[in-house]
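Presented below is the structure to which this report refers.
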Number of protein chains: 2
Amino acid sequence: MSQMQQVERQLREMILGLDIGPGEKLTERWIEGRFGASRTPVRAALLRLETEGLVSRDGRGWTVSPINLAEIEQIAVYRQAVEAAAARLTATLEDKEGLDAIEAMLDSCGAGTPREEWHRIGTDFHVELARLSGNEFLFRAVRDAMTRLSRARWLEIRDEAASARAWAEHRSILAALRAGRGDDAAALLISHIGGSRDRLVASLQTERRGLRARGFAVIAA
Amino acid sequence: MSQMQQVERQLREMILGLDIGPGEKLTERWIEGRFGASRTPVRAALLRLETEGLVSRDGRGWTVSPINLAEIEQIAVYRQAVEAAAARLTATLEDKEGLDAIEAMLDSCGAGTPREEWHRIGTDFHVELARLSGNEFLFRAVRDAMTRLSRARWLEIRDEAASARAWAEHRSILAALRAGRGDDAAALLISHIGGSRDRLVASLQTERRGLRARGFAVIAA
DNA sequence: GATACCAGTTTGGTATACCAATCAGGGATA
DNA sequence: TATCCCTGATTGGTATACCAAACTGGTATC
């Protein structure tokens, strides 16, 4: 694997893992020293992360993209459009094996499962569902949207009830798909995404002061 | 404007304008010489054009992305999802000025208008409509989809009847939006996009032999 | 004490040298 | 004649030197 790809991957992990806070300044030379690569692969990695929305240009320099509540709301609308479309496609599939694999993913989360795992699988549910549609563009749209939401979801304060509710909704979406009821699945997804967004934005607005105190830039909606 | 942006813009224009054929190999050093910039900005430009889907990695090297009929069909489904969502948002707007501007765009195309202009405005109709929705992600999705379709649309053999029909459909979409009938506009858009796709794919399949003879790689659906 | 300005430092932008992997082509061999 | 292999040229990947613009801190001036 080339150094560019390594730098890109590691830097993405640090950003998504909040090891570098939203809104923090980045310099090419700091990254260079941090990862032991020269500026050429560092620049390439930054250019790609920019298209993912994880870093932004700040005048002449680089910044880890702040968390933007208005953006989160717009992403929800975008997700509703593309995930509903993907679900309608998936519902027409003969082969239900992909749905089994996704259901198994959900099953693997239980009482003792670490928070990290819930977060990852909660993301993968949506991404893998979109992948099943067979449409590369719908898939990439969902994957990229979930990547952009990842840090915000990580910072969200979720109670157990909310998680259980989300999982139940996931299961009913799968059931509708399995039965070939694409419109139902789409409607359930749209409602699920809307609910997630509302809880996410509310949580971040409540926590905003604390997050800023930790050095995390959170832009109001 | 930085050299990277200049190289990116000029190279994009050459690719979209078919000055470099779909499927052609690119070398960083050829681009370097062609545009009088060093490899650093050239590399940056290639990385960004790769995310737009205009160039692809071919093993170790670079290739102008071929025209891919399966991809065109997938993009149509993607467009139907995002443009319909954008239309529903736009229909709820109070301010109809944006729609006036788009209608004026359509009006500016007449009997003596060059083909280039029809192509540009036929694209901008969809992009500007998505922009009116106010959702940055829907807008970018439509803009990027239309960019990817641009070369294929340019190669399409369109008769006057097809163009007239497309323009009439554009106008009826605008009328529905103006009346606030978002669902009608969405349905009209979905049908319009489906029809465009069918004619586009059919035309390219018919012309495939000739296009290949001109050195244009066209991958079958 | 506030402000304007200046020098030194830092930063991204660019050019370029070097390397390893790859490719093309020609010649030796069966 | 067909095939294999070797060699030199080409290519993307990387490191790095240099530049101009932007920033920083301190100082002189009002």
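Below, chain A is the first sequence line, B the second, and so on; all start at residue 1. Quick caveat: nothing in here was measured; it's all calculated off a predicted structure. Hydrogens, waters and symmetry mates are skipped; everything else that's a heavy atom, side chains included, is used.
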Per the under-4.0 Å heavy-atom filter, residues of residues 49-56 of chain A near DNA chain D come out as none

Taking ring-ring contact (aromatic ring centres under 6.0 Å, His included) as the test, write out the residues that go with A:F139, two or more places apart.
none

Tell me which pairs pass salt bridge (charged side-chain N to carboxylate O under 4.0 Å, His left out) where either residue lies in residues 46-64 of chain B, with sequence neighbours left out.
A:R48-B:E50, A:E50-B:R48, B:E8-B:R48, B:R12-B:E52, B:K25-B:D58, B:E50-B:R57

Once you apply a heavy-atom cut-off of 4.0 Å, does A:L46 come out as touching a base, just sugar-phosphate, or nothing?
nothing

Hey, could you give me each pair passing salt bridge (charged side-chain N to carboxylate O under 4.0 Å, His left out) that has a residue in residues 126-143 of chain A? Not counting sequence neighbours.
A:E128-A:R131, A:E136-A:R140

Can you tell me which residue pairs pass the side chain to side chain donor-acceptor pair (under 3.5 Å) test with a partner in residues 65-88 of chain B, sequence neighbours excluded?
A:Y78-B:Y78, B:S56-B:S65, B:R79-B:E83, B:R79-B:H126, B:E83-B:H126, B:R88-B:D183

Residue list, side-chain hydrogen bond (donor to acceptor under 3.5 Å, both in side chains) with B:D198, at least two apart or on another chain
none

Could you work out, with ring-ring contact (aromatic ring centres under 6.0 Å, His included) as the rule, every residue matching B:W30, not counting sequence neighbours?
none

Which pairs with one or both residues in residues 145-156 of chain A pass side chain to side chain donor-acceptor pair (under 3.5 Å), sequence neighbours excluded?
none

Filter on salt bridge (charged side-chain N to carboxylate O under 4.0 Å, His left out), then keep only pairs touching residues 200-221 of chain A, sequence neighbours left out; what's left?
none

What N/O pairs connect the protein and nucleotides 15-20 of chain D at under 3.5 Å? Give each pair on its own line.
| residue | atom | partner | partner atom | Å |
| --- | --- | --- | --- | --- |
| D:dA15 | OP1 | A:Q3 | NE2 | 3.2 |
| D:dA15 | OP2 | A:S38 | N | 2.8 |
| D:dA15 | OP2 | A:S38 | OG | 2.8 |
| D:dA15 | N7 | A:T40 | OG1 | 2.7 |
| D:dA15 | N6 | A:T40 | OG1 | 3.4 |

Tell me which pairs pass side chain to side chain donor-acceptor pair (under 3.5 Å) where either residue lies in residues 96-109 of chain A, with sequence neighbours left out.
A:D100-A:R178, A:E103-A:R171, A:E103-A:R178, A:D107-A:R171

Quick check on contacts: within residues 6-14 of chain A, what sits under 4.0 Å from DNA chain D by heavy-atom distance?
none

